[in-house]
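Quick note: numbers below take in every heavy atom, side chains included, and nothing from hydrogens, waters or symmetry partners. Within every chain, numbering begins at 1; the chains are lettered A, B, ... in the order of the sequence lines, protein sequences first and strands thereafter.
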Protein chains: 2
Amino acid sequence: MSTIRGARERARIEVTAAIKDEARKRLAAEGAARLSLRAVARELGMVSSALYRYFPSRDDLLTALIVDAYDAVGEVAEGARATAEQARPHPAPHVERWVAVAGAVRGWALAHPHEYALIYGSPVPGYSAPMDTVGPASRVGLVFIDLVRDAFRADGLAVPRLAPELRPEAERITADLAPDLPPPAVLALIAAWAQLFGLISFELFGQFNRLVEAREPLFRQAAGELARSVGLRGTPVG
Amino acid sequence: MSTIRGARERARIEVTAAIKDEARKRLAAEGAARLSLRAVARELGMVSSALYRYFPSRDDLLTALIVDAYDAVGEVAEGARATAEQARPHPAPHVERWVAVAGAVRGWALAHPHEYALIYGSPVPGYSAPMDTVGPASRVGLVFIDLVRDAFRADGLAVPRLAPELRPEAERITADLAPDLPPPAVLALIAAWAQLFGLISFELFGQFNRLVEAREPLFRQAAGELARSVGLRGTPVG
DNA sequence: GTCTATACCCCGATAGAC
DNA sequence: GTCTATCGGGGTATAGAC
């Protein structure tokens with residue numbers, strides 16, 4: 001009896017995964033705004049009404065894809081940080097760790113452009129993200145925070161300048177996010193985070209077309225400068 | 001005869017403008033991917049087939065909206081630069097001009113989020129931008145280049161560091177874009193440009209929700225740092 | 001330049017048989 | 001859990017009358 005239920009649950013997991021895989025393909029072909037349950041069902045040789053047993057609505061499927069994407073890029077970032085941290089014979093300097101994590105995020109984005117667009121591109125009109133997405137969405141940011149914390153403990157930080165009017169905001173955010181770090185560094189980290197993704201988005205969304213060729217070196221240079229803007233000490237890249 | 005043709009052409013221009021205006025409303029409601037000629041026609045009290053006399057296909061309408069949006073944000077940037085340049089009793093320092101232009105772009109984006117998403121957000125699947133969009137798309141960038149050129153001539157630039165591997169790329173782009181400027185500054189400008197729009201996109205696309213409140217001051221601070229990263233001399237904002 | 005009509009597609013979601 | 005059938009929409013694009 002329990003094995004039967006186990007088999008059923010296994011089947012359910014497999015079908016769910018197949019639906020999400022096919023939905024990711026449809027995402028690439030049509031975009032999130034036009035993702036349709038019927039098209040997914042058609043490609044899978046199912047009938048559309050059958051999908052409703054797995055995802056009660058189109059938005060629920062979209063939510064699952066969003067959560068998966070955030071988790072995937074979060075995992076990549078966490079892995080890159082761990083690798084840089086455990087590098088032999090010496091752990092990488094903190095600026096290099098920062099650049100490694102940023103580069104890993106960029107690599108994931110280039111490999112999964114439509115999933116990147118789903119989570120960091122324009123919002124899907126008519127879709128409002130439920131709370132389920134909040135946790136996964138913060139994973140990448142947490143990697144950068146942890147990385148900066150390590151640098152702070154090991155070498156201290158060159159605390160960035162902060163406009164006085166931003167002081168209360170910096171303190172509020174720091175209390176929520178990383179009470180052990182200097183508020184100016186936390187605010188600079190948030191700005192750097194947005195700017196890193198700006199570089200990735202411009203590359204991915206075509207703004208660099210016919211303009212920038214050496215995208216990876218440009219990204220690495222800019223990421224290194226951003227690490228320094230947060231206060232990480234170390235030779236600038238290059 | 002010529003007045004009749006003039007009247008006809010005037011009518012055509014007015015109807016074309018009405019279609020685009022309505023299309024912009026639909027853009028806000030449904031997003032670019034779902035923009036439909038029929039919905040626009042319905043709202044205007046026309047029949048869908050009539051629209052094809054003005055725009056031969058959905059993609060042509062989309063192109064017109066994209067060109068208009070690039071032109072609108074370009075005009076705002078040009079205006080902000082001119083204002084900062086002619087400020088009395090003294091023209092604004094170059095860092096402040098940079099921040100003013102960046103702030104104007106952000107202001108336009110906040111006021112026209114769907115048009116911003118159309119041009120700087122995820123590409124519309126299945127739509128490929130024709131060459132018509134290239135010119136308008138570069139207007140904002142040209143404003144920043146001109147601004148940096150002014151600063152270079154007036155005060156010189158604190159030429160940014162450049163990774164040696166990026167030197168050829170920097171020289172190639174500089175030759176195309178602004179042969180009179182130092183290549184490292186031009187490359188830094190491109191990176192700064194992407195990073196500015198990263199800040200705007202994160203704010204607009206919801207990544208700052210429940211995280212950053214003081215968005216305008218944060219943007220101004222970061223924009224000032226970016227100006228310095230390009231080499232503009234001047235007191236940092238704050 | 002606008003109209004009606006049409007060909008030929010798409011979609012989300014549900015009811016009820018099996 | 002999957003099926004057929006259905007409700008009630010939506011769309012691009014064209015033909016041909018006026």
Side-chain angles (χ1 to χ4, degrees), chain A residues 1 3-66 124-128 130, chain B residues 1 3-23 25-65 124-128 130:
Chain A
M1 184 82 153
T3 59
I4 289 178
R5 210 188 52 185
R8 277 188 189 162
E9 282 176 3
R10 228 172 15 251
R12 183 164 235 284
I13 288 169
E14 274 165 27
V15 175
T16 303
I19 292 171
K20 290 197 291 188
D21 281 347
E22 185 56 45
R24 275 182 276 267
K25 287 183 200 160
R26 303 300 314 165
L27 206 59
E30 305 272 11
R34 291 189 146 175
L35 177 68
S36 82
L37 290 180
R38 293 183 89 118
V40 171
R42 215 174 17 242
E43 298 296 318
L44 288 175
M46 300 170 77
V47 110
S48 66
S49 55
L51 285 204
Y52 285 84
R53 299 282 172 185
Y54 297 89
F55 296 96
S57 76
R58 194 200 83 121
D59 281 9
D60 290 278
L61 174 55
L62 213 44
T63 298
L65 296 180
I66 288 170
V124 182
Y127 171 85
S128 127
Chain B
M1 186 83 157
T3 59
I4 290 178
R5 210 188 54 187
R8 276 188 189 159
E9 281 175 4
R10 233 176 5 257
R12 183 164 235 285
I13 288 168
E14 274 165 26
V15 175
T16 304
I19 292 171
K20 290 197 291 188
D21 281 348
E22 186 56 46
K25 286 184 199 159
R26 303 300 315 164
L27 206 61
E30 305 272 10
R34 291 190 146 175
L35 176 68
S36 84
L37 290 180
R38 292 183 86 117
V40 171
R42 217 174 15 243
E43 299 295 320
L44 288 175
M46 299 169 78
V47 108
S48 66
S49 54
L51 285 204
Y52 285 84
R53 298 283 173 184
Y54 296 89
F55 296 96
S57 77
R58 194 200 83 120
D59 280 9
D60 291 276
L61 175 54
L62 214 44
T63 298
L65 297 180
V124 182
Y127 170 85
S128 127

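- Between the CZ atom of B/Arg8 and the C1' atom of C/dT2 there is a distance of 14 Å, rounded to whole Å.
- When heavy atoms are screened at a 4.0 angstrom cut-off, B/Leu51 is found touching no nucleic acid atom at all.
- Position along DNA chain C of the nearest nucleotide to B/Arg12 versus B/Val47 favours B/Arg12 as the more 5'-ward residue.
- Within the structure, every side-chain polar atom (N or O) of A/Arg38 is placed at least 4.0 Å from both OP1 and OP2 of C/dG12.
- Using a 4.0 Å cut-off, no side-chain N or O of A/Arg34 falls inside it from OP1 or OP2 of C/dC11.
- In this structure, CG of B/Leu62 is placed 11 Å from P of D/dT12, rounded to the nearest angstrom.
- Counting any heavy atom pair closer than 4.0 Å across all strands shown, A/Phe55 reaches no nucleic acid atom.
- Between A/Leu35 atom CG and C/dC10 atom C1' the separation is 14 Å, expressed in whole Å.
- Annotation: the span from A/Arg34 atom CZ to B/Arg34 atom CZ amounts to 8.0 Å, rounded to 0.5 Å.
- Counting heavy atoms from C-beta on, the side chains of B/Glu43 and B/Lys25 never come closer than 4.5 Å.
- Here the P atom of nucleotide C/dT2 and the OH atom of B/Tyr54 are 4 Å apart, to the nearest Å.
- Proximity note for B/Met46 (side chain, C-beta onward) versus C/dC3, C/dC11, C/dA13: the nearest is C/dC3.
- At the phosphate of D/dG1, neither OP1 nor OP2 sits under 4.0 Å from any side-chain N or O atom of A/Tyr52.
- D/dA13 atom C1' lies 13 Å from atom CG of B/Asp59, rounded to whole Å.
- In terms of phosphate contacts, A/Ser49 brings no side-chain nitrogen or oxygen within less than 4.0 Å of OP1 or OP2 of C/dT14.
- A straight line from CD of B/Glu14 to C1' of C/dG1 spans 15 Å, rounded to a whole angstrom.
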Inset, instruction - Please assess B/Leu37 against B/Tyr52 for the test side chain to side chain contact (heavy atoms under 4.5 Å, CB included), listing each intermediate value before the final yes or no. - result: CA-CA 9 Å; B/Leu37 290 180; B/Tyr52 285 84; 3.5 Å; yes

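- Picking from C/dC11, C/dT2, D/dT12 the nucleotide with the shortest atom distance to the side chain of B/Leu37 gives D/dT12.
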Inset, instruction - In sequence, state the C-alpha distance, the side-chain angles, and the governing distance for A/Leu65 and A/Leu35, and then conclude on side chain to side chain contact (heavy atoms under 4.5 Å, CB included). - result: CA-CA 11 Å; A/Leu65 296 180; A/Leu35 177 68; 3.8 Å; yes

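- The residue B/Arg53 sits close to a base: some heavy atom pair falls under 4.0 Å.
- Protein atom CD of A/Glu30 is 16 Å distant from nucleotide atom P of D/dG11, rounded to whole Å.
- The separation between B/Arg42 atom CZ and D/dT12 atom P is 9 Å, rounded to whole Å.
- Between the side chains of A/Thr63 and A/Asp60, not a single donor N or O lies within less than 3.5 Å of an accepting N or O.
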